[in-house]
Amino acid sequence: MQVFNTYFRLVQRKKRLILMYIIIFTAIAVVMMKVSTQDENLEKYTRRSVKISVIDRDKSSLSKSLKAYLTDQNEMVSIPDKEKRIKDELYWRNVEYVLIIPENFQQLLEEGQKVDVISKKIDDAVNAVYVDEEIKLFMSLFSLYQSADYSVEDAIGHVEKDVAHEVLVNTVTKEDGESAFKVANEGQYYFQYVPYVLVSVCILAISCILAMFYQEDVRKRCICSSMKLKDQNQQLVLASLLFSFGVTILFIIIGIVVTKGELLGQINLLFYSINALAFMFVSIALAFMLANLFHSETALNGCSNVFSLGFCFLGGIFVPLWVMPDSVVTFAHFVPTYWYVQANDAVSYMTRVTSPFLKEFFLNVGVQMCFAVALLSIGLVVSKKRRVFS
Amino acid sequence: MQTVVKINNLVKRYGDLVALDHFNLEIMEGEIFGLLGPNGSGKSTTIHCLLSLLEYDKGDIKVFGEEMKPDSYHLKKDIGIIMQNVAVFDRLTVEENIDYFCGLYIKDKKKKKELVQEAIDFVELNDFKKFYPKKLSGGLLRRLNIACGIAHKPKLIILDEPTVAVDPQSRNNILEGIKRLNKEGATIIYTTHYMEEVEQICTRIAIMDKGKSIAVGTKEELKSMVKTGETIQVDVPKLMENQLEQISKLPHTKKLSYENEVLHVQYTKGKHNLIRLLDYFREQDIAFGRVTSELPTLNDVFLEITGKELRDQ
């Protein structure tokens, strides 16, 4: 096992750097986990009030009712019905949301035609989502009563009654006062950051070490030796697998420790671990590909930062995908971390193992494995091309 | 004596470029065999084909009497390779590097340990055992490179231009080491474009050009193959045109030049050339200073066969 032993001798030479990454990662993951699962965030609920302006061009009973409902829910700002003025008010953030109810709105709905209200909002208005949901709720209820052959006036009356109900929001708590979802959420936040460190450590260790074995002259010397090339490669693969498996298991153990052992009794841990192991294969394949592409340690260190940060930002690890533009979300599908996060989220929402959950989870894991195979294939092609000495 | 390497009609092409053109070679046990030729003459291609690092288009290669193939591991165990570039791990110490490459051949731990120590002793790197390659000077790095190639005590050692960009002291050290390895029983194949090195250590030489072996023999045999004789150099303060013309007409004179008060006369093979030249100076009452005479070199052999210089190719 000459190659295998030398591989781990080289890992030892890099132990300081690897340890540094593990400590930094653990610190980041624990801090993010604590910040993201603080009790006040989970157990306090406050309704949002948005600065809204409603321009009613219909003046019907339906439009008035909708305006009254939105006024009740939000802070109403009055602005004139002029295009330029609406734009100005939005630009200066005097209003966050402008709703225009078009003429003949009620009449067209009565005739069974499809008609939409016009909404204008500031580009980065996160709160606008609440108003959209309120309008959607109001109109859905109206459509429901209308489809049940209620008259318009009756339908409006029922809708007003329904939306007037105050929704009581309570967080479910355990006897000791801790949130029942907290452990699962802590696990989610902790495991969400695992790809960052796996990619970093795998590139820094596996890529750099493989690159040493793949230096052209060292490789020639090894090919000329009496040890079969197949045996040498097998030992390299075995060592890489063992190393990354060890690192992944270490992170799973750290995860159990930082959640104070609470994860141990949960089925979620098993799925979090399977997901982390799947991503481990992606990281190994990526490390193998990069080792064949770059032989300089400096270049590989650069790659480590580019790929770990790039994957984490694009895949929704550092920044949730729902705050990103659609184009970024579409692109994220081509990043393995996206599928890791999807699987991780699915595990965090899972309360019992169901067939739809298993289907969704293993689909996401399967896509990650496809990424691993693709990266490995690229690595093998590059390796074959490099083997032809000229 | 047993034939260690036999290459028959080897052809290797890179597209339209013929790197080896029906190349033949036979190396006997115990030889230090020099492959001499300018850059691009096919020396490294020959070595790569010999080691099965390259596929070739035609011909056959036999090592220790058996056909050499990529999976001829039983033959590879008796071959040591030292490349032009230092091929070691930067993150392993001198001792660990030698141990790694020796371990690719030797499984027995005790035997391996002994061999590693012997290699360290051989290249005199005892004081640097725990050093990382980056801490070593160029000469010490070359010694480490050699130690990694010979630690498993191969019967055939191939050195591919091991002295390129090496200072003269380290170069002599390497050449002396090669002689010692040969004395201990190893057959050596040494490729270089430095003819002085080949003259210094090789028992037999093949001169290569354009993928062909253009001459093979001992250095004496090679020099005897050509018509070029000695070159005489004389410090002469003043020489007239007509005197130069008369010197050029002296028997066996091949080429003549007079620059910076130094006269160079190259002769074809023949006797009494120096006496004849000095007699002429005395007859003409020409004052002269230092006189030197040089025998033909391998460069002269190469020049006469190919019409071009071996150096600066």
Side-chain angles (χ1 to χ4, degrees), chain A residues 1-18 204-236 239 243 291 294-301 383-390, chain B residues 12 14-15 17 19 44-45 47-55 63 68 70-93 95-97 99-109 112 132-134 145 148-149 151-152 154 156-158 160:
Chain A
M1 297 291 272
Q2 181 75 359
V3 180
F4 183 87
N5 293 337
T6 303
Y7 186 101
F8 279 100
R9 193 174 267 172
L10 291 166
V11 168
Q12 262 208 326
R13 299 285 193 272
K14 290 194 145 270
K15 68 180 172 198
R16 276 188 199 168
L17 195 65
I18 295 167
L204 284 172
I206 298 176
S207 289
C208 290
I209 292 168
L210 288 181
M212 290 180 208
F213 282 95
Y214 294 163
Q215 288 172 75
E216 192 177 314
D217 290 300
V218 170
R219 186 107 179 123
K220 276 184 197 173
R221 190 167 251 169
C222 294
I223 292 171
C224 292
S225 75
S226 60
M227 184 184 282
K228 287 179 184 171
L229 194 59
K230 196 174 129 194
D231 290 348
Q232 294 179 39
N233 287 334
Q234 275 174 356
Q235 288 185 39
L236 284 178
F243 170 76
F294 306 102
H295 289 176
S296 125
E297 210 169 321
T298 317
L300 287 168
N301 285 340
S383 160
K384 198 173 178 186
K385 291 228 167 202
R386 288 221 166 185
R387 225 177 291 153
V388 182
F389 303 118
S390 54
Chain B
K12 171 68 192 169
Y14 295 104
L17 179 82
S44 291
T45 306
I47 297 302
H48 283 140
C49 289
L50 174 59
L51 292 166
S52 290
L53 287 170
L54 264 181
E55 285 179 3
V63 178
M68 183 70 180
D71 59 351
S72 301
Y73 296 107
H74 63 293
L75 298 178
K76 286 182 177 182
K77 75 177 171 52
D78 287 324
I79 302 174
I81 168 83
I82 294 144
M83 295 287 184
Q84 182 178 334
N85 298 323
V86 178
V88 294
F89 291 89
D90 287 343
R91 298 249 177 194
L92 295 181
T93 63
E95 190 176 21
E96 287 167 345
N97 262 301
D99 177 271
Y100 174 73
F101 289 109
C102 184
L104 294 177
Y105 298 84
I106 310 292
K107 282 183 182 167
D108 183 84
K109 278 187 181 176
K112 184 175 75 176
Y132 286 98
K134 279 187 179 169
N145 197 32
C148 291
H152 61 287
L156 171 65
I157 301 171
I158 299 166
D160 189 9

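Every value quoted in this text rests on a predicted model; they were computed, and no experiment measured them. Every chain is numbered from 1, with letters handed out A, B, ... down the list of sequences. Side-chain atoms are counted along with the backbone in the values below, which use heavy atoms only and exclude waters and symmetry mates.
- Most heavy-atom pairs under 4.5 Å with chain B: of the set A:Met1, A:Lys228, A:Arg221, this distinction falls to A:Arg221.
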Check: residues 78-92 of chain B side-chain donor-acceptor pairs under 3.5 Å, at least two apart:
| residue | atom | partner | partner atom | Å |
| --- | --- | --- | --- | --- |
| B:Asn85 | ND2 | A:Asp217 | OD2 | 3.1 |
| B:Arg91 | NH2 | A:Glu297 | OE1 | 3.3 |
| B:Arg91 | NH2 | A:Glu297 | OE2 | 2.4 |

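- Contact annotation for A:Cys208: neither backbone nor side-chain heavy atoms come within less than 4.5 Å of a heavy atom of chain B.
- At a 4.5 Å heavy-atom cutoff, the contact between B:Asn145 and chain A is made by backbone and side-chain atoms alike.
- For the options A:Arg9, A:Gln232, A:Lys230, heavy-atom pairs under 4.5 Å to chain B are most numerous at A:Arg9.
- For the pair B:Lys12/B:His48, no side-chain contact is recorded, criterion being any heavy-atom separation below 4.5 Å from C-beta on.
- Judged by a 6.0 Å distance limit and a 45° cone about the ring axis, B:Lys77 is not positioned over the six-membered ring of B:Tyr73.
- Under a 3.5 Å cut-off, the side chain of B:Ser72 and the backbone N or O of B:Leu75 do not form any donor-acceptor pair.
- Contact annotation for B:Lys107: neither backbone nor side-chain heavy atoms come within less than 4.5 Å of a heavy atom of chain A.
- With a threshold of 4.5 angstrom between heavy atoms, B:Glu96 approaches chain A through its backbone and through its side chain.
- Every residue was checked against the side-chain hydrogen bond (donor to acceptor under 3.5 Å, both in side chains) condition with A:Gln234, not counting sequence neighbours, and none meets it.
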